[in-house]
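Side chains are part of it too, since the values below use all heavy atoms of this structure and drop only hydrogens, waters and symmetry mates. Along the sequence shown, residues carry numbers from 1.
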Amino acid sequence: MRPRLLADGPKELYSMNTQDVVRQLDAAGMNEVSTTVIVPLVDKGRNVGALILDQFQSGGVSQNQQEALNRWGSAVTPLLSVFDTREEWRQGSRQLTIALVEAVESQDFDALGHAQQVADISGQLGRQLGLNERELEQLWYGAILHDVGKINGDQGHASIGANFLHAVPHLADAQKAIRHHHEHFDGSGEPDKLVGEDIPLYARIIAVANALVHVGDAARLKGQAGKNLDPRLVELAQKLPPRS
């Protein structure tokens, strides 16, 4: 598990690729590499990746330089391992959330899969708006949990569902989205009769996604633009792929 020194540069890389890829490697200057050093990154017996460093000038890599690279790899590995573990926790959290939602949806056979469809469409709209990964994560939780309050019945379920996240401060925006996804753009919704862009953006996105799941055709949302739904988001919904 020490650094591996390839004295013939990228020859191994060239040998495993097609001519089209080889031409791209040449264009990137890889044919000028004289030496390649591969530093394995291993944490507690688990391989988390490798550092690959290319040297263009001649002279090779000394033993001291190899040892320094190995120390560098050892310093970087725990950080990468933490990132990897966080991703595992993220996926585990999502799976548990989906299981909870499916348990609620199972009370009404017609509702099975509804939240996942709303979450998928919300994500598509969010990406069209240019939301970043952190924002898309908040939107996903708001969308997947938007109807979880129905565990106590339909009446006031948006407010009840929002209460489930009251002790999760890093999902504060998702909580607002759940609470306000039944607000109407013209102010006739609930629970707070918010108007227009006073309604949180994620709630407006979820409202459009929710409506689209119900009607099945984005063209049928146009009559709700400016009334129940944000007209800009209704317009974006027209650009989504048709639902099967």
(request) Spell out, as yes or no, whether a donor-acceptor pair under 3.5 Å connects the side chain of Y141 to the backbone of T97. (result) no
(message) Tell me whether the rings of H181 and H146 are parallel (<30°), tilted (30 to 60°) or perpendicular (>60°).
(response) perpendicular
(message) Let me confirm one number: the CG-CG distance from L229 to L212, rounded to the nearest 0.5 Å.
(response) 10.0 Å
(message) Between Q238 and V234, does the side chain to side chain contact (heavy atoms under 4.5 Å, CB included) criterion hold? Intermediate values first, please.
(response) CA-CA 7 Å; Q238 311 305 309; V234 169; 3.7 Å; yes
(message) Are the side chains of I206 and L139 in contact, using a 4.5 Å heavy-atom criterion?
(response) yes
(message) Using the rule that Ile, Leu, Val, Met, Phe, Trp and Tyr join whenever any side-chain heavy atoms are under 4.5 Å apart, tell me whether Y14 and V21 fall into a single cluster.
(response) yes
(message) Test your reading of the model: is there a side-chain donor-acceptor pair from E135 to the backbone of N132, 3.5 Å cut-off?
(response) yes
(message) Do S188 and D186 pair up side chain to side chain, a donor and an acceptor below 3.5 Å, judged on atom types alone?
(response) yes
(message) Within the 4.5 Å heavy-atom criterion, are N228 and F185 side-chain neighbours or not?
(response) no
(request) Would you check if the side chain of R220 reaches a backbone N or O of V215 as a donor-acceptor pair within less than 3.5 Å? (result) yes
(message) With a 3.5 Å distance limit and no angle check, can you tell me whether E183 reaches the backbone of L194 through a side-chain donor-acceptor pair?
(response) yes
(message) Is it the case that the side chains of Q24 and D20 hold a donor-acceptor pair, with the cut-off being a distance below 3.5 Å and no angle test?
(response) no
(message) Is there a side-chain contact between P200 and R179 in this structure, where contact means two heavy atoms from C-beta onward sitting under 4.5 Å apart?
(response) no
(message) Do I178 and I98 land in one hydrophobic cluster if side-chain heavy atoms of ILVMFWY residues count as linked below 4.5 Å?
(response) yes
(message) Hydrophobic cluster membership, with links at side-chain heavy-atom distances under 4.5 Å among I/L/V/M/F/W/Y: are L171 and W140 in one?
(response) yes
(message) Would you say that V33 contacts Q55 through its side chain, given a criterion of any heavy-atom pair below 4.5 Å between the two side chains?
(response) no
(message) So M30 and T36, do their side chains get closer than 4.5 Å, heavy atoms only?
(response) no
(message) L236 vs Q124, test: side chain to side chain contact (heavy atoms under 4.5 Å, CB included). Steps then yes/no.
(response) CA-CA 10 Å; L236 286 180; Q124 292 177 54; over 6 Å; no
(message) Quick one, L129 and L201 - any side-chain contact, counting heavy atoms below 4.5 Å?
(response) yes
(request) Working to the nearest 0.5 Å, report the span between OH of Y202 and CG of D173. (result) 5.0 Å
(request) Decide side chain to side chain contact (heavy atoms under 4.5 Å, CB included) for H214 and Q117; before the verdict, give the C-alpha distance in whole Å, the side-chain angles of both, and the deciding distance to 0.1 Å. (result) CA-CA 10 Å; H214 282 296; Q117 293 179 67; over 6 Å; no
(message) Please report the interatomic distance CG(L96) to CD(Q91), rounded to the nearest 0.5 Å.
(response) 11.5 Å
(request) Could you tell me whether the side chain of L145 reaches within less than 4.5 Å of the side chain of F164, counting heavy atoms only? (result) no
(message) Once you measure the plane-to-plane angle for H157 and H182, does it fall in the parallel (<30°), tilted (30-60°) or perpendicular (>60°) bin?
(response) perpendicular
(request) Verify, without hydrogens or angle tests, whether E235 (side chain) and D230 (backbone) share a donor-acceptor contact under 3.5 angstrom. (result) no
(message) Could you measure the distance from the CD atom of Q116 to the CD atom of E102? Nearest 0.5 Å is fine.
(response) 8.0 Å
(request) Rounded to the nearest 0.5 Å, what's the gap from CG on N163 to NE2 on H166? Could you check? (result) 7.5 Å
(request) Give, for atom CD1 of I160 and atom CD1 of I151, the distance between the pair rounded to the nearest 0.5 Å. (result) 10.5 Å
(request) For L131 and Q138, run side chain to side chain contact (heavy atoms under 4.5 Å, CB included): C-alpha distance rounded to whole Å, both residues' side-chain angles, the deciding distance at 0.1 Å, then the answer. (result) CA-CA 10 Å; L131 298 185; Q138 293 272 343; over 6 Å; no
(request) May I ask whether L165 and I144 are part of the same hydrophobic cluster, defined by side-chain heavy atoms of I, L, V, M, F, W, Y residues being less than 4.5 angstrom apart, directly or through others? (result) yes
(request) Could you tell me which non-hydrogen atom of L125 sits nearest to which non-hydrogen atom of A209, and how far apart they are? (result) CD1-N, 4.4 Å
(message) With a 4.5 Å cut-off on side-chain heavy atoms, are P231 and K222 touching?
(response) no
